[in-house]
2 protein chains.
Amino acid sequence: MPKTSAVMPAPGRRLARASTQKKLDELLMKAASLVARKGFEATSMRDLAKAIDASLAGLYHYFSSKEDLLFQLQYRTFGSLLEQQQAVAAEPGTPEERFARLITGHLQFYARHRNELKACTFELESLTGKPYETVEAIRRRYYRLMTSVVADVIGGPSSNGKETRKSRHATLFIFGMLNWIFMWYEPSRHGTVEQIGQEMRELVLDGLRRGKRSG
Amino acid sequence: MPKTSAVMPAPGRRLARASTQKKLDELLMKAASLVARKGFEATSMRDLAKAIDASLAGLYHYFSSKEDLLFQLQYRTFGSLLEQQQAVAAEPGTPEERFARLITGHLQFYARHRNELKACTFELESLTGKPYETVEAIRRRYYRLMTSVVADVIGGPSSNGKETRKSRHATLFIFGMLNWIFMWYEPSRHGTVEQIGQEMRELVLDGLRRGKRSG
DNA sequence: TATTCTATCGAACGTCCGTTCGAAATAGGA
DNA sequence: TCCTATTTCGAACGGACGTTCGATAGAATA
């Protein structure tokens, strides 16, 4: 069962040959692995070249700079996650059901693309300028998506995803739970991500609904 | 109102003059500020020397290496936090009250030593070998302290802080909420940390007590 | 004041970094 | 097959890095 990379068309740039596109995917996957293990700053282009068994100069055919490498990695990964979660949130169901699907979806994406997602989650500030703004915009859209569903759980479907202080803060707390998982989760010790997701929901669901108005 | 540094005797090492101890505190505080802003890898000894308006070589009178600097910073900060929280948890009260005091205490420590705590929370893996083990041991004691109080909230005081899968996982989730605050909290936008702490408790308290056995 | 320990510093060392350049190899279309 | 665009590479550049060393300045003790 080969691990698939987080796919999404890169912005701008085009690679001519299909085999090159394939190699780019491999490059980004290996880069994600190194960045996840040692951090972006501590990962050198020489490390990556060695890991991929290619030359140092050759990398610059795929990336205009080291920062561009991180940008492409984050853009593709975060873009895929947002796309998936938008589809998940769009399917019908009660607020609680949609909330459950978002939590599960996030954790499943984590399980499938751990390294890539870690690079998105903990290395966002390694980008600057326009690349940062671009990725940050995706991140913000994702937060808003989650907040709207959390708001529906708090206020019922009739609240139509309208943000409140409570829903915004609760969402930040929930993302804290979701993202901190990088620091401790091991499948053999903690069970499946689906189980973890259920435990997270059981921890916060009553708190979200506390004082809920009917309708 | 001068910001105080997180105080705790450094392990081993002794500085002769009191003024030197004072300078060490200043050094660690400035280092925490730089590490919090740019990350440990991206912070150079030259950066620190410039920020403190001293010479590069002079730094090595206080630290045997760059890693030793990070170790001292983490050891002192995490040690202070653990000490404070042990005192807070030892005071009498219902499990809910002790839990509330721990959350508030953590967030107040965050508010007072943001940079230092960030260096502890996000740069632990920048240490290796024995320094890593030493700091990791403190971290683990802190987690256990929190877990025991969470277990009491779940099972009542009669459970005597006995860990369960639920209490361990809930504690990991809660630390996720607490630590993720570095990524978003601004006093002017989100209110005081005491308010944030109360919102966190309201989010999880019912979930913790769900299915609680009396006694 | 003479002596000893503490604290600070300029200069340098060897290493690794991101990036560039021009040439060599390779593949696809004519 | 030849031609052209794509992909790969060795070698090198300039700069930043952590660390060391020997010398100097300063404070404390006598």
Side-chain angles (χ1 to χ4, degrees), chain A residues 10 12-28 30-32 34-35 37-74 119 123 125-129 131-132, chain B residues 10 12-31 34-35 37-74 119 123 125-129 131-132:
Chain A
R13 212 168 330 261
R14 282 272 157 261
L15 279 323
R17 303 213 254 275
S19 70
T20 311
Q21 178 63 41
K22 190 113 186 161
K23 186 141 195 176
L24 173 60
D25 291 348
E26 190 191 350
L27 269 172
L28 286 177
K30 199 70 194 176
L34 292 174
V35 169
R37 179 155 10 131
K38 320 198 303 168
F40 179 68
E41 275 284 341
T43 300
S44 72
M45 297 296 269
R46 284 168 177 84
D47 287 338
L48 179 56
K50 210 156 293 178
I52 216 71
D53 199 49
S55 73
L56 173 60
L59 295 181
Y60 287 82
H61 180 69
Y62 295 88
F63 316 108
S64 68
S65 69
K66 193 189 177 192
E67 185 177 15
D68 178 49
L69 185 162
L70 182 61
F71 170 68
Q72 288 200 39
L73 180 57
Q74 293 191 349
E123 301 288 357
E125 295 181 351
S126 295
L127 293 180
T128 60
Y132 172 84
Chain B
R13 212 167 330 261
R14 284 270 158 264
L15 279 322
R17 304 213 254 277
S19 69
T20 312
Q21 179 62 42
K22 191 113 187 159
K23 185 140 194 176
L24 173 60
D25 292 348
E26 190 192 350
L27 269 172
L28 286 177
M29 204 162 99
K30 199 69 195 178
L34 292 174
V35 170
R37 180 157 9 135
K38 319 198 304 168
F40 178 68
E41 275 284 342
T43 300
S44 73
M45 297 295 271
R46 284 168 177 82
D47 287 339
L48 179 55
K50 211 157 292 178
I52 217 72
D53 200 50
S55 74
L56 173 59
L59 295 181
Y60 286 83
H61 181 67
Y62 295 88
F63 316 108
S64 67
S65 69
K66 193 190 176 190
E67 185 177 15
D68 178 51
L69 185 161
L70 182 61
F71 170 69
Q72 289 199 38
L73 180 56
Q74 293 191 350
E123 301 289 355
E125 295 180 352
S126 294
L127 293 181
T128 60
Y132 172 83

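Letters A, B, ... mirror the listed sequences (proteins, then strands); counts begin at 1. Bear in mind the structure is a predicted one, so any value in this text is a computation, not a measurement.
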In whole Å, I'd like the distance from the [atom1] atom of [X] to the [atom2] atom of [N].
X	N	atom1	atom2	result
Arg46(B)	dC17(D)	CZ	C1'	6 Å
Lys23(B)	dG26(D)	NZ	P	13 Å
Leu48(A)	dT8(D)	CG	C1'	15 Å
Glu41(B)	dG18(C)	CD	C1'	15 Å
Lys66(B)	dT15(C)	NZ	P	19 Å
Leu27(A)	dT7(D)	CG	C1'	12 Å
Met45(B)	dT19(D)	CE	P	6 Å
Leu59(A)	dT20(C)	CG	P	13 Å

Ignoring hydrogens and angles, tell me if any N or O in the side chain of [X] forms a donor-acceptor pair with the backbone of [Y] under 3.5 Å.
X	Y	answer
Glu67(A)	Thr128(A)	yes
Glu41(B)	Lys38(A)	no
Lys23(B)	Tyr62(B)	no

Review point. Are any of Tyr60(A)'s side-chain N or O atoms less than 4.0 Å away from OP1 or OP2 of dT7(D)?
Key: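 Result: no.
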Check your understanding: Is the shortest side-chain N/O distance from His61(B) to OP1 or OP2 of dT8(C) below 4.0 Å?
Key -> no
Practice item. Side chain of Thr20(B) only, please: which of dT20(C), dG10(C), dT6(C) is the nearest? Key: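 Closest nucleotide among those given: dT6(C).
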Exercise for review: Name the closest nucleotide to the Ser44(A) side chain, picking from dG18(D), dC17(C), dC21(C).
Suggested key: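 Of dG18(D), dC17(C), dC21(C), dC17(C) is nearest to the side chain of Ser44(A).
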Practice item. Would you indicate what Ser19(B) reaches in the nucleic acid, counting non-hydrogen atoms under 4.0 angstrom: base, sugar-phosphate, or nothing? Key: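 The answer is nothing, as Ser19(B) stays clear of every strand by at least 4.0 Å.
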Check your understanding: Does a donor on one side chain sit under 3.5 Å from an acceptor on the other, for Ser44(B) and Asp47(B)?
Key ->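 Note: Ser44(B) and Asp47(B) side chains meet the donor-acceptor criterion.
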